[in-house]
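Here the structure comes first, spelled out in structure tokens, and everything after it is commentary.
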2 protein chains.
Amino acid sequence: MEKEIEYKNIPLFEGISEENLTRLLYCINSFKREYEKGETIILEKDKVPYIGIVLSGSVHMLKNDIWGNSTLLSYVTEGELFGENFAVMKIPESSVTFQAASHTKVLFLAASKIIHTCENACSFHAQIAENMFNLLGRKSISFMNKIEIMSKENIRGKLLAYISMLAQQQKSKYVITPLSRTQLAEYLSVNRSAMTRELSKMRDEGIIDFDRDTFVIK
Amino acid sequence: MEKEIEYKNIPLFEGISEENLTRLLYCINSFKREYEKGETIILEKDKVPYIGIVLSGSVHMLKNDIWGNSTLLSYVTEGELFGENFAVMKIPESSVTFQAASHTKVLFLAASKIIHTCENACSFHAQIAENMFNLLGRKSISFMNKIEIMSKENIRGKLLAYISMLAQQQKSKYVITPLSRTQLAEYLSVNRSAMTRELSKMRDEGIIDFDRDTFVIK
DNA sequence: TTCAATCTGTTGCAATTGCAACACACTAAG
DNA sequence: CTTAGTGTGTTGCAATTGCAACAGATTGAA
């Protein structure tokens, strides 16, 4: 759990040889930091000239409104990026809060070094830019998936859409959610007790089965 | 209404001189097409190696599920891009349908020419790549905004969040929505009649006022 | 203009959801 | 081990929403 992902397995670095990667990390000002569970990584309104890569643990993207309601917009796990949507903007200011969901290690890279062509004309710069385009597209698509889940007319529809999405990602009937019940309710924007009520009802009707964080659609 | 946006006002082309733009459009295989209201531009599962730029009219991004329910995921208007999230992927396949919401003119550009460095080493290639990064970030953020709107606990909250978002975009108290009532209900994923009921109630309570497609929060 | 098709607002009723309160797990710190 | 704090499942009740049916308004084509 505490083990970091190997750099060669990070999607942003795909297609870059290990020797070049060492040079790259030097060329792109990069640094590492660790966060405790619950610690804030980036606060709403913060300037974010850096792209974060989760080396271990996971990061939650949260939005708090004026009335104190908190929403879990999305979450990222090992190897994935966060803050990149803001970092690639002209004025890189975050409109959300990023928080460590567990003990988390993060590698930060200066976004400007990826967006702008390198003065040294590193051969691998083109590769990382291309990977970055890919990942920005992928991130948008994952947001679209969440919109699709939330667009379901009732709690049952949302749960089924969420579990189906996980099944597709995990390529298995048996899926594991990284979210607690309370967090899942916050993620789907439904009342927690109404959600557990619906889960029980769906199990009684034989539509799904679950044990703790593992779900199956039958 | 039928007039096309000028190329120099398209965000993707920002910072590129008009002479260079002519060369660019030649370098990047580009072509124009027109669509009738309601016509499908890109169907789910279609390959989309092209980025679309709306020159006039507007485009709706739709998702249809197995049971025939349709959701309006997002919409883009003059000068904005669509399909770019899929086009920048390694396997550029759309997971949604794009449809002309009115009579619409579209300029298509080959995404590969933007993502990969140009063989001719056009000086303005770096500029368009940078603009593309910006716009991909912006698109992600607009999806996050929609998630935030949909995360509101009831119809009233969703409507207020939507109108507030428009007010921020249009920098005015008086906002105009490009969506019909039926479309707005589909966009917010709520029942149409329940939505008009809530709108009336909010007007009665003096919270908002509206006339046709114009809204004010009081 | 005329007419059909679609959009819009309204309302009563049924279903779903949120709320609040509670008991019982589980977790982490002392 | 003990204990406080937090997460989870349950339930009755109230509020919100969806559904269906309808009438009037609006739109677009002939």
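All values below come from the heavy atoms of this structure, side chains included, with hydrogens, waters and symmetry mates left out. Lettering of chains follows the sequences in order, A, B, ..., and the numbering in each one begins at 1.
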Separation of atom [atom1] in [X] from atom [atom2] in [N], rounded to whole Å:
X	N	atom1	atom2	value
A:Arg203	D:dT8	CZ	C1'	12 Å
A:Leu199	D:dG7	CG	C1'	15 Å
B:Asp213	D:dA25	CG	C1'	16 Å
B:Leu184	C:dG9	CG	C1'	14 Å
B:Arg181	D:dT27	CZ	C1'	16 Å

Going by an N to O cut-off under 4.0 Å, is there a salt bridge joining [X] and [Y]?
X	Y	value
A:Lys158	A:Glu153	no
B:Glu18	B:Arg23	no
A:Glu186	A:Arg181	no

Between B:Phe215 and B:Tyr174, is the gap from one ring center to the other below 6.0 Å?
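Between B:Tyr174 and B:Phe215, which both carry aromatic rings, the centre distance is not below 6.0 Å.
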Only one of B:Val76, B:Thr104, B:Val59 passes side chain to side chain contact (heavy atoms under 4.5 Å, CB included) with B:Phe98; say which it is.
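In the set B:Val76, B:Thr104, B:Val59, the residue that makes a side chain to side chain contact (heavy atoms under 4.5 Å, CB included) with B:Phe98 is B:Val59.
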Between CG on residue A:Asn145 and OG on residue B:Ser95, distance to nearest 0.5 Å
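One finds 6.5 Å between CG of A:Asn145 and OG of B:Ser95.
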Please work out if B:Thr196 contacts a base, only the sugar-phosphate, or nothing of the nucleic acid, heavy-atom cut-off 4.0 Å.
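Base, at least one base atom sits under 4.0 Å.
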List the protein contact pattern of nucleotides 15-30 of chain C with one symbol per nucleotide (5' to 3'): B for base contact, S for sugar-phosphate-only contact, - for none; contact means a heavy-atom distance under 4.0 Å.
-SBBBB-----S----
